[in-house]
Structure formats: C-alpha cells, structure tokens
Amino acid sequence: MVVAVDGPAAAGKGTLARRLAAELGLPHLDTGLLYRATGRRVLDAGGDPRDPAIAEAAARALLPADLARGDLRGPEADAASSAVAAIPAVRAALLDWQREFGRRHGAVLDGRDIGTVVFPDAPVKLFVTASAEERARRRFRELQARGVAADPAQVLAELQARDAQDSRRAVAPLVPAADAVVLDTSDLDADAAFAAALRVVRARFGG
Ligand code: CDP
Ligand code: CDP
C-alpha cells in the first residue's frame with residue numbers, strides 16, 4: 001500500500017504524511033530530503049546547483065546519512081534543492097531509490113511528483129495545498145520556532161519563486177495527479193487536515 005502526498009512548499013505535507021504513516025503502520029519518506037541533500041552536497045563542493053553534471057554526481061553519491069544532516073533547511077538549501085530538482089538526470093538518479101522504499105513494505109511518501117511519476121498507480125493520492133500567504137505564515141512560524149531571524153515578506157517571495165520554478169519545470173512539474181484528492185488546508189489546522197486525509201484513506205480502503 002502506497003499513499004502519495006504531494007503539494008507546494010510548506011503546505012503541511014510532511015506533518016500530514018508522518019501522522020498518516022503512524023496511523024497506518026507504514027514507513028514514511030520525505031522525498032524532499034533527497035533533493036535537499038543533493039543540493040547541499042553541491043553547495044559543499046562549491047558547485048552551482050544548476051550544473052547538471054555536478055548535481056547528477058551529487059545525487060548518485062547520496063548516502064542515507066546525508067538525509068539526517070541538520071543543515072538541509074533555510075533559504076540557501078531551499079533554493080539549491082529546487083535548482084537540482086529541475087535537472088532530469090538528478091530526478092532519474094533518485095527515482096529507483098524512492099520506488100524501492102515504497103515497494104518494500106508500502107509507505108507514505110510526500111513530495112511533488114509521487115502521485116504523477118514515482119507511484120502513478122498509488123491507490124491513495126492526496127494533493128495538499130493552502131494559499132501562498134498561509135503557507136508563508138507557517139514557514140515563518142517554523143523559522144521563528146527554530147530561532148532563525150526572517151522577514152515575512154521575503155519568506156513569501158522565496159516560497160512563491162520556488163513554487164513557480166517547481167511548477168514550470170519540464171520534468172515532473174508540481175501538478176496534482178488527475179486522480180488526486182485536493183485538500184485545501186488554508187482554513188484547517190493540522191488536526192483537521194489529518195482527519196480529512198484519514199477520511200479519504202478510509203473511503204478508499206473501507207473500514
Ligand atoms: O518542505 P518544502 O515543501 O518546503 O520542500 P521539500 O518538500 O523539502 O522539497 C524541496 C524541493 O525539492 C522542492 O522545492 C522541489 O523542487 C524538490 N522536490 C521535488 O522536485 N520532488 C519531490 N518529490 C520532492 C521535492
Ligand atoms: O512538508 P511541508 O513543507 O509541506 O510542510 P511541513 O513541514 O509539514 O510544515 C507545515 C507547518 O505548518 C508545520 O509547522 C505544521 O504544524 C503547520 N500546519 C500544518 O502542517 N498543517 C495545517 N493544516 C496547518 C499548519
């Protein structure tokens with residue numbers, strides 16, 4: 001059983017996917033970490049995240065420990081992840097890994113292209129979204145909680161720029177799968193979003 005959770009930045013995909021996974025007894029994979037860790041490797045090497053050869057080599061060299069690094073969030077890491085994610089060879093390098101993870105025991109995966117590319121046959125697909133303003137507020141609050149100084153207007157601008165880049169790229173753009181259930185959480189807190197998602201899962205599997 002695979003549950004696909006896709007959507008734009010800071011929509012609450014990770015929070016929702018983690019709770020669904022715990023509820024359903026499935027492993028959870030935050031696929032954004034793969035792109036973030038790839039971008040981080042390129043930055044560490046002093047490379048340009050838009051360089052296809054360097055980014056592909058970084059994706060192929062990823063180790064599980066890279067995903068646990070503490071420096072995968074923040075404006076620089078956000079931008080680098082989105083840049084490497086637009087490179088077809090990077091996406092190809094990360095595809096098998098994601099599919100094996102899901103196939104082994106079933107899983108809840110969250111990202112941008114789980115329902116469209118990674119698991120197009122997933123029985124449950126959720127597209128979690130919210131207004132850009134609300135998503136920027138959520139990301140801003142997260143930064144504040146981590147003690148990171150940030151400017152709300154800049155958080156919004158960077159989030160919109162990343163969404164635009166993720167939506168317009170030629171390969172695996174951010175778009176809801178035709179059979180995804182769209183969950184607009186602009187007016188839902190995390191508990192209400194979880195309850196709504198669980199109703200979708202239960203309707204699909206019964207019980
Ligand atoms: O947490 P947030 O929604 O801000 O980002 P993320 O899910 O960690 O993803 C970081 C970046 O990785 C995104 O902006 C996408 O460019 C890329 N990504 C992707 O292309 N495909 C995925 N399945 C997951 C992430
Ligand atoms: O993975 P993604 O970037 O889509 O979002 P996240 O890392 O799960 O972060 C979303 C933030 O918004 C977290 O701080 C949540 O507590 C909060 N939130 C949410 O997840 N869902 C809502 N419906 C409302 C708020």
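Order of listing sets the numbers, starting from 1, for every ligand and every atom in it.
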Test item: Ser81 side-chain N/O and Gly39 main-chain N/O as donor-acceptor pair under 3.5 Å: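 Absent.
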Distance from Gln165 atom CD to Leu174 atom CG, nearest 0.5 Å?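 Rounded to the nearest 0.5 Å, the CD-CG separation comes to 12.0 Å.
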In Å and rounded to the nearest 0.5 Å, what is the CG to CZ distance from Leu143 to Arg73?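 If we round to the nearest 0.5 Å, Leu143:CG and Arg73:CZ are 10.5 Å apart.
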Heavy-atom contacts under 4.0 Å between Arg91 and ligand 1: side chain, backbone, both, or neither? side chain
Applying a 4.0 Å heavy-atom criterion (strictly less than), which segment of Arg112 is in contact with ligand 1: side chain, backbone, both, or neither?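 The part of Arg112 near ligand 1 is both the backbone and the side chain.
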Using side-chain heavy atoms (C-beta onward) and a distance below 4.5 Å, is Thr185 in contact with Glu134? no
Does any part of the side chain of Leu63, heavy atoms only, come nearer than 4.5 Å to the side chain of Arg41, both counted from C-beta?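 A side-chain contact exists here, since the closest heavy-atom pair is under 4.5 Å.
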Near Arg50 CZ, under 6.0 Å, is it more than 12 heavy atoms from other residues, nucleotides or ligands? no
Sorted by chain and residue number, the residues having a heavy atom closer than 4.0 Å to an atom of ligand 2 are Ala10, Ala11, Gly12, Lys13, Gly14, Thr15, Arg138, Arg139, Glu142, Thr185, Leu188, Asp189, Ala190, Ala193
For Asp166, the ligand 1 atoms with a heavy-atom partner under 4.0 Å come out as 13 (C), 14 (O), 15 (C), 16 (O)
Atoms of ligand 1 less than 4.0 Å from Ala85 heavy atoms?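 Selected atoms, number and element: 16 (O), 17 (C), 20 (O).
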Do you reckon Val5 sits in the same ILVMFWY cluster as Leu188, going by side-chain contacts under 4.5 Å, direct or chained? no
Short side-chain donor-acceptor distance under 3.5 Å, Arg112 and Ser82: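 Distance-only check fails for Ser82 and Arg112.
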Return yes or no for this condition: an N or O of Tyr35 is under 3.5 Å from an N or O of ligand 1. no
